[in-house]
Structures are given as structure tokens and as C-alpha cells.
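Take a look at the structure set out below.
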Amino acid sequence: MTRLSYSVYGLATPLVRAGDDMAAHILAAAERSECGGLQAGDIVVVAESAVATAEGRVARLDDIEPSPEALRLAGDYQMDPRLVEVVLRESDRVVGGIPGFLLCMKGGTLLPNAGIDASNAPSGSVVLLPTDPDATAARIRAGIAGRTGADVGVIIADSRTHAMRLGCCGVAIGCSGIPSVLDERGKQDLFGRELEVTKRAVADCIASAAELVMGEANECVPAVVVRGTGLPVGDYAGVATIDASECLFMGVALHADPSLLVDGKGKP
């Protein structure tokens, strides 16, 4: 479904702290925003760092005792061994790295440092990813519906880098109420040819649009309202993924070195 326009409204909130009710923050900010509150069909995008903070997913590095493996990797990749230890605890597998970053498999996704970030964290601390971003999105959606009656979609967004590109952009890591991917196969292009493989990652597209408003620094805009996309809102859950063997980038790496996706016990 394509619309000629849609609107994105930033939701400024006070500093989010552990134990905060994110749905309450979002509703209060929406009332103050130009969007004038939430409406049925709106899509709320929330920064993963904000929801992780509210869920208490913040680690103090002074409380971390590095393991021998963390000390080894810290030396190899010029990192704080305490951070490396947190990354190891949060990762399914470390497949490599570059100075300052470990490349990790976590929940079927490749990402640097298991998604752990020192940005927007108290001094000496790092913010971990939410334990279950899809469940977080569902809770926020239910909280909004319960207080306003508005049926909205909710996306938990992170910022990620992409292969061979400089900089980062938004990506959906949790989703509730809207489809994360729309299948365009069977439609025709401008010249009447039938689309055979095209699927639109609409949740990722919306997350990137939201990132332009939320920012990455001290904006204190941890959420946005996206209005007018025309996406269906209903009983949808999760972000669609594919197996590493089906991924162009990981598929090439897998054929070059199958051990990248095999754990220490020889199991995929």
C-alpha cells in the first residue's frame, strides 16, 4: 500500500528512568505534540534505548568481572574487557570483529557488540537491548489501547550500520500491530512485468523515518508518531527474518567459512 504523504511527529519526554511507564510517557508527550494525541491507525516508534532503560537493562561496568575469554578478545580488538564481558553474556556467538567492535549473532541477527551501546547511558554504564522487543512493543500497544481506546501499531527501533555503507539508519527490532514486511510479489512494474521477489520492509522504512526526528544525541525525543501510512493495524506481531543461509551477505560468508555459523560444539 502506497500513500503520497504521511506525517511524523516527535514526542519529547523527560529523561526516562528505570521503572518508568513508557505508554504513559508516550501518551503525555502525544497530547503536547502537534499530533494532538494518538488516533487509531497511528504508528508509534520508540527508541530501544528508552525502553531498555525503563526495563532496567543498564549495566554498570564497575560491577562487571571480565572472564579470561573477555580479556583475550579485549586484547585482540582493543576494547574495555568489562564491555567485552557484557557483550559475551548478551551474544549467542561472536563471529569476529574490528578494533572497538565485536560482530555478534544474537536472536538470529548479526549486529555489533550485541546491540550494547554507551550512548544515552549514565557515565560508566552501557544500555543493553530489551530482552524481548516484540513483547515490549505489545505491552506499549496494550497500554495505549487500554487508556485511549486507540488501536495503534508500535515499533521498537534501533540504529544499525549496513554492509559497505557509512553511517547508521533505523531498523525495527520489535513490532506489534502492523505487518513488518509487505509482500509485493504478483504486482506489476511500470512496464507490466510481474514482480517476483520484491518484499517491502515497511517497519524498517518507518524506523528510519522516525530516526530523522528522534536523533542520536541529546534530543530527548525517544518516540515519534507516524500518521497516514495507510498500513493495516491489527493482529500482527514480530519482525520477519530469514535464515543466514538465505541472506545474500551472510550466505556468501557461510560458503566461504561455514564455521562462522557453527557453535563450539559443532552445531549450527
Side-chain angles (χ1 to χ4, degrees), residues 2 6 8 10 43 45-50 52 73 76-79 83-84 87 90-121 126-130 133 155-175 178-184 189 195-219 221-224 226 229 238-257 260-261:
T2 300
Y6 62 87
V8 182
I43 300 170
V45 184
V46 193
E48 55 81 21
S49 57
L73 289 171
D76 290 345
Y77 296 106
Q78 303 165 35
M79 296 175 64
L83 172 60
V84 173
V87 171
E90 289 293 305
S91 300
D92 298 327
R93 178 171 171 80
V94 174
V95 299
I98 60 173
F101 297 93
L102 296 175
L103 184 60
C104 308
M105 290 293 296
K106 179 180 174 68
T109 302
L110 265 178
L111 66 166
N113 287 350
I116 295 165
D117 197 352
S119 300
N120 296 310
V126 290
V127 180
L128 287 55
L129 289 179
I155 293 171
I156 308 300
D158 194 4
S159 55
R160 301 273 172 86
T161 57
H162 294 276
M164 305 296 291
R165 297 299 296 267
L166 180 63
C168 58
C169 59
V171 62
I173 64 170
C175 193
I178 62 167
S180 63
V181 173
L182 291 182
D183 192 344
E184 302 279 74
D189 70 9
L195 301 179
E196 297 180 357
V197 297
T198 302
K199 297 180 182 180
R200 297 173 62 196
V202 291
D204 288 340
C205 293
I206 292 168
S208 283
E211 287 279 352
L212 288 175
V213 175
M214 291 192 289
E216 296 282 351
N218 63 351
E219 293 85 356
V221 181
V224 305
V226 181
T229 66
V239 177
T241 60
I242 58 175
D243 185 77
S245 62
E246 301 177 65
C247 172
L248 173 62
F249 304 109
M250 283 305 297
V252 170
L254 178 61
H255 288 296
D257 182 3
L260 286 175
L261 298 180

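Only heavy atoms go into these numbers, but all of them, side chains included; no hydrogens, no water, no symmetry mates.
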**Item:** With P179 via side chain to side chain contact (heavy atoms under 4.5 Å, CB included) - residues at least two apart
**Value:** L182, P232, Y236
Extract all donor-acceptor atom pairs below 3.5 Å that involve side chains of residues 165-175 and protein atoms in other chains or at least two apart in sequence.
none

**pair I156-V239: side-chain heavy atoms closer than 4.5 Å** = no
**Closest heavy-atom pair and its distance - V221, G10** = CG1-CA, 3.8 Å
**Request:** Evaluate side-chain contact (heavy atoms from CB on, under 4.5 Å) for V202 paired with I178, printing each intermediate quantity in order.
**Result:** CA-CA 9 Å; V202 291; I178 62 167; 5.6 Å; no
**Asked** Hey, is the main chain of E90 close enough, under 3.5 Å, to the side chain of K106 for a donor-acceptor pair?
**Response** yes
**Asked** Listed by chain and number, what are the salt bridge (charged side-chain N to carboxylate O under 4.0 Å, His left out) partners of E211, not counting sequence neighbours?
**Response** none
**Asked** Taking only residues two or more places apart in sequence or in another chain, which ones pass side chain to side chain contact (heavy atoms under 4.5 Å, CB included) with Y6?
**Response** V8, A209, V226, T229
**Request:** Taking salt bridge (charged side-chain N to carboxylate O under 4.0 Å, His left out) as the test, write out the residues that go with D76, two or more places apart.
**Result:** R72
**Message:** Please determine whether side-chain contact (heavy atoms from CB on, under 4.5 Å) holds for the pair V87 and C104, giving the CA-CA distance in whole Å, both sets of side-chain angles, and the decisive distance to 0.1 Å.
**Reply:** CA-CA 8 Å; V87 171; C104 308; 3.5 Å; yes
**Item:** For A240, all residues meeting side chain to side chain contact (heavy atoms under 4.5 Å, CB included), sequence neighbours excluded
**Value:** S180, V181
**Nearest heavy-atom neighbours spanning P133 and P130** = CD-O, 3.7 Å
**Request:** Show your reasoning for whether side-chain contact (heavy atoms from CB on, under 4.5 Å) applies to M79 and L73.
**Result:** CA-CA 8 Å; M79 296 175 64; L73 289 171; over 6 Å; no
**Message:** Quick check: closest heavy atoms across N113 and G100, and the distance to 0.1 Å?
**Reply:** ND2-O, 3.6 Å
